[in-house]
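Letters A, B, ... mirror the listed sequences (proteins, then strands); counts begin at 1.
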2 protein chains.
Amino acid sequence: MSPKLIDDATREAREAEILQTALDVIAREGVSGLTIDKVVTKVPYSKGTVYNHFSCKEDLLTALCNNCVRRLADIFFRAAAFEGSSREKMLAIGIAYMLHSQLNPTEFMLVLSAKTPSVTEKSSQKRQDEHQELETKLLGKLLGIISDGLAHGELTLAPHLSPAQVSFSLWAMSFGTIALLQENLERCGVRQEMSLERELINHSNLVLDGLNWTPYTLDHDWHESVQRMKDTVFAPEVAKIQALVDAAS
Amino acid sequence: MSPKLIDDATREAREAEILQTALDVIAREGVSGLTIDKVVTKVPYSKGTVYNHFSCKEDLLTALCNNCVRRLADIFFRAAAFEGSSREKMLAIGIAYMLHSQLNPTEFMLVLSAKTPSVTEKSSQKRQDEHQELETKLLGKLLGIISDGLAHGELTLAPHLSPAQVSFSLWAMSFGTIALLQENLERCGVRQEMSLERELINHSNLVLDGLNWTPYTLDHDWHESVQRMKDTVFAPEVAKIQALVDAAS
DNA sequence: ACCTGAACACCGTTCAAGT
DNA sequence: ACCTGAACACCGTTCAAGT
């Protein structure tokens with residue numbers, strides 16, 4: 001083992017500082033306005049040091065995306081801890097997705113960018129493996145809730161459907177919805193929260209009914225469930241959104 | 001009116017030539033390998049002329065994406081003409097999506113890229129409007145089939161769901177599925193067709209059952225429907241895929 | 001009215017020199 | 001062992017000159 005002149009903790013802090021600075025640049029000037037030069041001038045390190053952390057510009061973008069997904073996994077963890085039926089927990093995952101995308105609009109759109117060939121073609125293998133791992137973790141949360149549903153008899157899978165297929169369906173639906181609504185999201189911001197929320201509940205009900213996941217849409221008050229989630233497991237996110245709304249008015 | 005030295009037809013042909021050349025470059029060197037310089041050297045026109053057609057590099061990417069979506073709309077048109085129930089037609093849309101993504105892998109991934117901020121931030125308004133218009137056209141095909149289902153009593157919408165919401169759901173699901181599967185698509189190519197096809201049928205059945213769109217999954221042989229689509233409305237695409245498979249072996 | 005390509009500015013990436 | 005920033009190569013974009 002060779003001796004280290006800087007320890008892991010300070011190295012990590014430095015990386016976080018570079019990433020935060022890059023995110024600031026993107027928030028102000030857009031993804032196409034991000035430049036390593038701009039980041040370097042706003043940070044007390046040299047260009048070489050930045051390239052010591054990231055193999056290229058796209059690698060930095062993937063790192064930013066991974067940070068965002070990592071925090072999303074945390075929120076999913078809390079969603080799964082919601083006290084309710086397995087179907088309510090699955091709805092909670094969708095609401096978590098929504099709140100997270102509203103609180104982190106800049107980072108969230110990077111999740112789409114990071115799936116784009118111009119980024120994957122250049123980003124380092126290490127960070128793309130990490131991305132894959134984080135996505136597997138997200139899918140794992142979905143799989144856990146599906147297992148709960150099966151164990152409690154609230155969900156019975158048709159013979160041609162595996163739990164993995166179902167979790168993939170749900171994920172694809174959430175991803176697609178938010179990706180396609182993104183343009184509108186950017187324009188309308190927090191104001192549009194309510195209609196997006198209704199869409200998401202409808203969307204979720206559609207698929208979960210299709211799966212025969214009880215209780216069915218018409219046998220439960222799902223808007224009440226969402227309110228209870230907001231009061232409990234998602235209280236921190238709701239408070240932050242409220243603070244944003246207050247600041248805007 | 002000022003006199004024109006070149007007519008619209010030759011101008012259009014030139015634009016098509018530039019676009020095809022750009023596509024060749026991307027197919028060979030990836031999106032990140034695309035350079036206006038490279039395109040210019042492979043084309044009998046100057047840089048200035050290329051910039052006369054496209055406001056910037058990203059504008060060219062959006063144009064390429066729009067070309068792809070335009071052809072997708074054609075296939076959707078044929079899918080809607082499939083002789084069968086409204087639910088079969090809706091499944092045909094999904095199969096059309098799949099075949100198109102397999103036949104045009106390079107262009108298809110550009111549909112994802114074109115939704116990315118680094119492209120939308122720079123692309124011209126004109127071409128982004130065109131993109132919006134083309135997407136509306138796609139959604140229109142879905143809406144038409146939904147209307148058919150409602151008119152024939154094969155589909156009854158719950159009071160909280162509008163046709164527009166349903167078509168958006170279906171679209172989001174398809175888009176999300178293909179976006180998330182894309183990485184795997186690139187790796188495995190045509191060989192994986194069969195498993196992707198099965199996923200897509202399952203996926204479609206899931207959502208259409210959720211909508212109470214008859215006939216239900218278990219009351220019909222959907223694989224037989226798909227075979228009939230391939231023999232009729234999608235015969236051209238199937239022949240092209242077969243040619244690719246033959247060439248590979 | 002349209003085309004051309006030299007010229008410019010900017011930016012990603014490297015690496016020899018320094019500590 | 002790590003940091004620095006000058007230097008390089010490349011590329012997007014413009015525009016004066018030409019037809």
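- In terms of the salt bridge (charged side-chain N to carboxylate O under 4.0 Å, His left out) criterion, A:Glu133 has no residue partners (sequence neighbours excluded).
- A stem is defined here as three or more consecutive Watson-Crick or G-U pairs, each with both distances under 3.5 Å; for DNA chain D these stems are C:4-8 with D:12-16, C:12-16 with D:4-8.
- Between A:Asn52 and D:dC3, a side-chain N or O to OP1/OP2 separation shorter than 4.0 Å is present.
- In this structure, CG on A:Leu61 lies 11.5 Å from CD on A:Glu107, to the nearest 0.5 angstrom.
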### Message
One character per nucleotide, please: for nucleotides 12-19 of chain C, 5' to 3', B when the base has a protein heavy atom closer than 4.0 Å, S when only the sugar-phosphate does, - otherwise.
### Response
BBB-----
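- Judged as a side chain to side chain donor-acceptor pair (under 3.5 Å), and not counting sequence neighbours, the contacts of B:Ser169 are A:His203.
- Between the side chain of A:Lys137 and the backbone N or O of A:Gln132, no donor-acceptor pair lies under 3.5 Å.
- B:Arg14 forms a cation-pi arrangement with B:Tyr45, by the criterion of a distance under 6.0 Å to the ring centre and an angle within 45° of the ring axis.
- The backbone N or O of B:Ile75 sits nowhere less than 3.5 Å from a side-chain atom of B:Lys141 that would complete a donor-acceptor pair.
- Nucleotide C:dC3 holds its C1' atom 12 Å from the CD1 atom of B:Ile18, rounded to whole Å.
- Phosphate proximity of C:dC3 to B:Arg14: present, with a side-chain N or O under 4.0 Å from OP1 or OP2.
- In terms of phosphate contacts, B:Thr49 brings a side-chain nitrogen or oxygen within less than 4.0 Å of OP1 or OP2 of C:dT4.
- Partners of B:Asp24 according to the salt bridge (charged side-chain N to carboxylate O under 4.0 Å, His left out) rule, which considers only residues two or more places apart in sequence or in another chain, do not exist here.
- Nucleotide D:dT4 holds its C1' atom 14 Å from the NE2 atom of A:His53, rounded to whole Å.
- Applying the salt bridge (charged side-chain N to carboxylate O under 4.0 Å, His left out) rule to B:Lys240 yields no partners; only residues at least two apart in sequence or on another chain are considered.
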